[in-house]
Amino acid sequence: MTTPDKPINFIQQIINADIEAGQVGRVVTRFPPEPNGYLHIGHAKAICVNFGLAQEYGGHCHLRFDDTNPESESEEFVQAIIEDVRWLGFQWHGDVRYASSYFVQLYTWATYLVQQNLAYVCELNAQQMRDYRGTLTEGGKDSPHRDRPAEESLTLLEEMKQGSIDEGRMTLRAKIDMQSPNINLRDPVLYRVKKLVHHRTGSDWNIYPSYDFAHGQEDAIEGVTHSICTLEFAANRPLYNWFIEQLPVPSKPRQYEFGRLKVNYMVTSKRKLKLLIDQGHVDGWDDPRMPTLSGMRRRGVTPRAIRNFCDSLAVAKTDGVVDIGQLEHFIRDDLNRDARRAMCVLDPIKLLIANYPAEKHESFNAAVHPNREDMGTRELHFSRHLWIDRSDFSEDSSLSRKKYKRLVLGDYVRLRGAYVVRADQVVKDQQGNLVEIHASLVPDTVGANPPEGCKPRGVIHWVCADRSIECTVHRYDRLFSQPLANSAEQSFADCLNPHSLDVIKNCQAEAALADARVGEHYQFEREGYFCLDSGAGTDGELVFNCTIGLRDTWQK
RNA sequence: UGGGGCGUCGCCAAGUGGUUAAGGCAACGGGUUUUGAUCCCGUCAUUCGGAGGUUCGACUCCUCCCGCCCCAGCCA
């Protein structure tokens, strides 16, 4: 589908070796989002990698919610994530899975660890635990409760579970090594008390497992063979393995890490995205300016463009920042191939064809797509009164033909799909503002070259004033004016582009656009790619979102 | 100055001891074009973070150095 001989990445090499060594029968991967926000472009890569690997090796990929912390998780996010994964074009194997489905098993394993003297209930509070943990360069101190009898820990753990222990008072910790140079191994927390209602288990639990204690075991339960995550979890791998070794788990998954996708001018942090919403900088998770899958969908980005983009990215251990231009390339590439062509005048000014009878009307057939006859034709209406874009006309006849390929007073231009016309005179109001252009058409130039000596400067789009439909166009600019690369973390809110949304009212679109449907993509010729907005529009207003402008390579 | 990971063209990135150091994006030339789009052609790293070393031969092996990222949540 993509590059025929794309190099094999390091994970594929590992899988190949595993298969060759007979270590792995069927490859099983998983995409494990926490339902505490919407999916964004960064998740798209993880989805493509995990589902892609399963597809490639004829294996399975699970969709599993890592819902171990009810604090910020919700059913709304679960549903949104499910919809986004489907929209991106992937189907998980079997039912949607949840970490919360394994809570009982996880708890059983926790008691097993206590019985093996590998875990204990600790009564240090958060601050004390921090103090006991040591620092990056110095080891920590053993908790005073580290050697309490297993029976006592078991009783306390049961009390935590029953809800008789207050939040923050106790935790269940693994007994590993407080001197370990890897801080994750300094007796990590397995369970903490959280008296919260969980969106799936309700009030069944007063304690919830930590990520470290849950993730690997979830993988083991599901028979995941290759648990692929991002680089920041590399330091957790020894802990992941420790649980898999100590516990009687049904399978032994392995964790591999690759570089998380970052794109400049975009934020891919759920916390920051949430902030943008909470502070009112955008309308919501699906605001077309958001790098969320739902935002991009509403903006008009196709799932295939996102997939192609992700497939073009390497699965490697370097963590770079991809230029947003690369994403844009795949968006244009996909839209160019399939988008229906149409004309829409964003800043209309009247063009009166003086030598065309007032009562006359013609219609021409124009290709829906210039390079694809199979997409058929559409009907273009033509009459004496037309709309063209203000920026496509100039009174300055000294403008060179090379520099200005549009309509100039006294010169010719081609009306796309229709006649060649010449601008003859200009009508202005009291203030001297241009209100109308009078032109004359060159006969017999529809679908035919003009006579010798008549050289149109270029081609401009237009719309028949009698049949056009009014619409609103939303044009977007990047949400941030700074690349926000790497650690430009500081105050990302200060980098917001105040002009990220441009609402253009009273645009004039060709009649065929009255049939536009949500989910269809259009190219407004000479402008860009657009789609009908799926969000607002209850008042019958026709709103088109600009997905992305056409590539624009001429210097002004 | 603990541990882990990474450094190849402006960006992403192949390369696993012998290749003219892939490819994509961007950029820049030129051609086609009733979209300044698409499409097509061409240009774009004597050099692989740096310095040494091993070798007939190193981006690939060794040593040291420099730089960047991650880990001290009862977040994931």
Side-chain angles (χ1 to χ4, degrees), chain A residues 3 5-9 13 32-34 36 66 68-69 71-72 122 124-126 129-131 133-140 167-173 180-186 188-194 207-208 210-212 214-215 229-238 257 259 264 270-271 312-314 316-330 332-333 336-337 341 343 366-367 369-371 402-406 413-418 420 445-449 456 458-461 486-487 523-528 549-555:
Chain A
T3 334
D5 35 55
K6 196 181 172 184
I8 284 209
N9 66 51
Q13 289 178 25
E34 183 190 13
N36 66 345
D66 223 348
T68 59
N69 182 1
E71 214 162 296
S72 51
C122 176
L124 253 29
N125 64 35
M129 199 180 293
R130 210 168 296 139
D131 294 340
R133 185 150 34 222
T135 66
L136 291 178
T137 51
E138 300 158 36
E167 283 188 30
R169 286 270 297 109
M170 292 182 191
T171 57
L172 179 72
R173 295 226 260 164
S180 174
N182 182 342
I183 292 184
N184 295 288
L185 260 21
R186 319 239 261 231
V189 169
L190 273 43
Y191 270 96
R192 61 307 207 196
V193 177
K194 273 182 191 286
I207 57 173
Y208 292 93
S210 64
Y211 164 83
D212 286 308
H215 205 94
C229 62
T230 43
L231 250 26
E232 66 267 30
F233 291 100
N236 299 55
R237 184 170 5 109
E257 313 88 23
N264 57 16
K270 278 191 263 192
R271 187 183 63 79
S312 81
L313 268 17
K317 293 206 167 208
T318 44
D319 55 340
V321 180
V322 177
D323 193 288
I324 194 168
Q326 192 150 334
L327 205 210
E328 293 173 341
H329 162 78
F330 286 100
R332 289 197 181 95
D333 186 53
N336 172 55
R337 191 161 46 232
R341 309 293 134 124
M343 289 193 279
H369 190 117
N371 311 322
K402 178 122 180 142
K403 206 177 169 195
Y404 193 79
K405 305 165 81 163
R406 311 177 185 190
V413 81
R414 158 78 67 182
L415 294 180
R416 167 128 252 235
V420 169
T445 48
V446 179
N449 288 328
V459 182
I460 65 171
H461 59 286
N486 290 323
S487 53
Q523 183 198 98
F524 289 176
E525 291 186 287
R526 301 211 313 129
E527 292 287 357
L550 249 30
R551 198 155 162 269
D552 197 1
T553 54
W554 59 291
Q555 70 290 26

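Lettering of chains follows the sequences in order, A, B, ..., and the numbering in each one begins at 1.
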Shortest non-hydrogen contact between A/L124 and A/R173, atoms and distance: CD2-NH2, 3.8 Å

Within-4.5 Å side-chain heavy-atom neighbours: A/I460 and A/L415: yes

Applying side chain to side chain contact (heavy atoms under 4.5 Å, CB included), name anything that partners A/Q13, two or more places apart in sequence or on another chain. A/I8

Rounded to the nearest 0.5 Å, what separates atom CG in A/D319 from atom OG1 in A/T230? 10.5 Å

Among B/rC6, B/rU38, B/rC74, which nucleotide has an atom closest to any side-chain atom of A/M129? B/rC74

Just jot down the side chain to side chain donor-acceptor pair (under 3.5 Å) partners of A/R337, sequence neighbours excluded, or say none. A/D334

Who pairs with B/rC68 - Watson-Crick or G-U, where each distance is under 3.5 Å: B/rG5

Under 4.0 Å between a side-chain N/O of A/T553 and OP1 or OP2 of B/rA37, yes or no? yes

Selection from B/rG2, B/rA76, B/rG36 that lies nearest to any side-chain heavy atom of A/N236: B/rA76

Report the nucleotide, chosen from B/rG36, B/rG73, B/rU34, that has the shortest atom-to-atom distance to any side-chain atom of A/R133. B/rG73

Between B/rU33 atom P and A/N449 atom CG, what is the distance in whole Å? 10 Å

Under 4.0 Å, heavy atoms only, any strand: does A/F233 hit a base, just the sugar-phosphate, or nothing? base

Ignoring the backbone of A/N371, work out which of B/rU34, B/rU38, B/rC70 is nearest its side chain. B/rU38

Rounding to an integer number of angstrom, what distance separates B/rA13 and B/rA45 when you compare their C1' atoms? 14 Å

Checking all strands, does A/R406 fall into the base, sugar-phosphate, or nothing category for heavy-atom contacts under 4.0 angstrom? base

Protein-to-nucleotide contact annotation, 5' to 3' order, nucleotides 11-16 of chain B [B base; S sugar-phosphate only; - none; under 4.0 Å, heavy atom]: SSSS-B

Presence of A/R192 side-chain N/O under 4.0 Å of B/rC75 phosphate oxygens OP1/OP2: yes

Could you give the distance separating B/rG31 and B/rU47 at their P atoms, to the nearest angstrom? 34 Å

Residues in side chain to side chain donor-acceptor pair (under 3.5 Å) with A/H369, at least two apart? A/R341

Determine: side-chain N/O of A/H461 to OP1/OP2 of B/rU35, distance under 4.0 Å, yes or no. no

Watson-Crick/G-U partner (both atom distances under 3.5 Å) of B/rA76: none

Measure from CZ on A/R237 to C1' on B/rG3 and round the result to the nearest Å. 12 Å

Of the listed nucleotides (B/rU35, B/rU38, B/rG5), which one gets closest to any side-chain atom of A/L231? B/rG5

Within the 4.5 Å heavy-atom criterion, are A/R133 and A/I183 side-chain neighbours or not? yes

Which glycosidic conformation, syn or anti, is assigned to B/rG67 if syn requires a torsion within 90° of zero? anti

With a non-hydrogen cut-off below 4.0 angstrom, is A/V413 in contact with a base, only sugar-phosphate, or nothing? nothing

For A/L185 and B/rG4, give me the distance from atom CG to atom P, rounded to whole Å. 12 Å

Would you indicate what A/G325 reaches in the nucleic acid, counting non-hydrogen atoms under 4.0 angstrom: base, sugar-phosphate, or nothing? sugar-phosphate

If I take atom CZ from residue A/R271 and atom CG from residue A/N36, how far apart are they, to the nearest 0.5 angstrom? 12.5 Å

Opposite nucleotide pairing with B/rG52, Watson-Crick or G-U, both atom distances under 3.5 Å: B/rC62

Is the phosphate of B/rC75, meaning OP1 or OP2, less than 4.0 Å from a side-chain N or O of A/K194? yes

Out of B/rC71, B/rC74, B/rA37, whichever nucleotide has its closest atom nearest the side chain of A/R341: B/rA37

I'd like the P distance from B/rG49 over to B/rA21, given in whole Å. 16 Å

Distance check needed: B/rA76 P versus A/H215 NE2, whole Å only. 11 Å

Tell me the interatomic distance from A/I460, atom CD1, to B/rU35, atom C1', rounded to whole angstroms. 12 Å

Using a 5.5 Å cut-off between ring centres and planes within 30 degrees, is A/Y211 stacked on the base of B/rA76? no

At 4.0 Å (heavy atoms only), tell me whether A/L124 reaches a base, stays on the sugar-phosphate, or touches nothing. base

Looking at CZ of A/R416 and CZ of A/R526, how far apart are the two atoms once the value is rounded to the nearest 0.5 Å? 9.5 Å

RNA chain B: A/E71 or A/G134, which has the more 5' nearest nucleotide? A/G134

Under 4.0 Å between a side-chain N or O of A/R551 and OP1 or OP2 of B/rU38? yes

Does B/rU33 pair with anything, Watson-Crick or G-U wobble, both distances under 3.5 Å, and if so, with which nucleotide? none

I'd like the C1' distance from B/rC39 over to B/rU46, given in whole Å. 34 Å

Nearest to the side chain of A/T171 - B/rA76, B/rG3, B/rC74? B/rC74

Describe the nucleic acid contact of A/G447 in one word from base, sugar-phosphate, nothing, applying a heavy-atom distance below 4.0 Å. base

Of all the heavy-atom pairs spanning A/E138 and A/R186, show the shortest one and how long it is. O-NH2, 2.8 Å

Using the C1' atom as the reference point in each nucleotide, state the distance between B/rC56 and B/rC71 in Å, no decimals. 46 Å

Using atom CD of A/E328 as one end and atom C1' of B/rA26 as the other, report the distance to the nearest whole Å. 11 Å

Using the P atom in both, what is the distance from B/rU16 to B/rC61, to the nearest Å? 10 Å

Distance between the C1' atoms of B/rG30 and B/rC62, in whole angstroms? 50 Å

In chain order, what residues pass the side chain to side chain contact (heavy atoms under 4.5 Å, CB included) check against A/L327, with sequence neighbours excluded? A/M266, A/F309, A/I331

In this structure, how many angstroms lie between the P atom of B/rU33 and the CH2 atom of A/W554, rounded? 21 Å

May I ask you to say what A/P238 touches in the nucleic acid, namely base, sugar-phosphate or nothing, with a heavy-atom cut-off under 4.0 Å? nothing

Just checking A/K405: base, sugar-phosphate only, or nothing, at a heavy-atom cut-off of under 4.0 Å? base

Within less than 4.0 Å of OP1 or OP2 of B/rG73, is there a side-chain N or O belonging to A/R130? yes

side-chain N/O A/T68 vs B/rA76 OP1/OP2, d < 4.0 Å: yes

Comparing nearest nucleotides in RNA chain B, the 5'-proximal residue of the pair A/T137, A/T445 is A/T137

ring-ring contact (aromatic ring centres under 6.0 Å, His included) involving A/H215 - partner list, sequence neighbours excluded: A/Y211

Taking the P atom in each of B/rA37 and B/rG29, what is the distance between them to the nearest angstrom? 13 Å

Give one of base, sugar-phosphate or nothing for A/A448, where a contact means two heavy atoms less than 4.0 Å apart. base

Can you tell which of B/rC74, B/rG36, B/rA72 lies closest to the side chain of A/N125? B/rC74

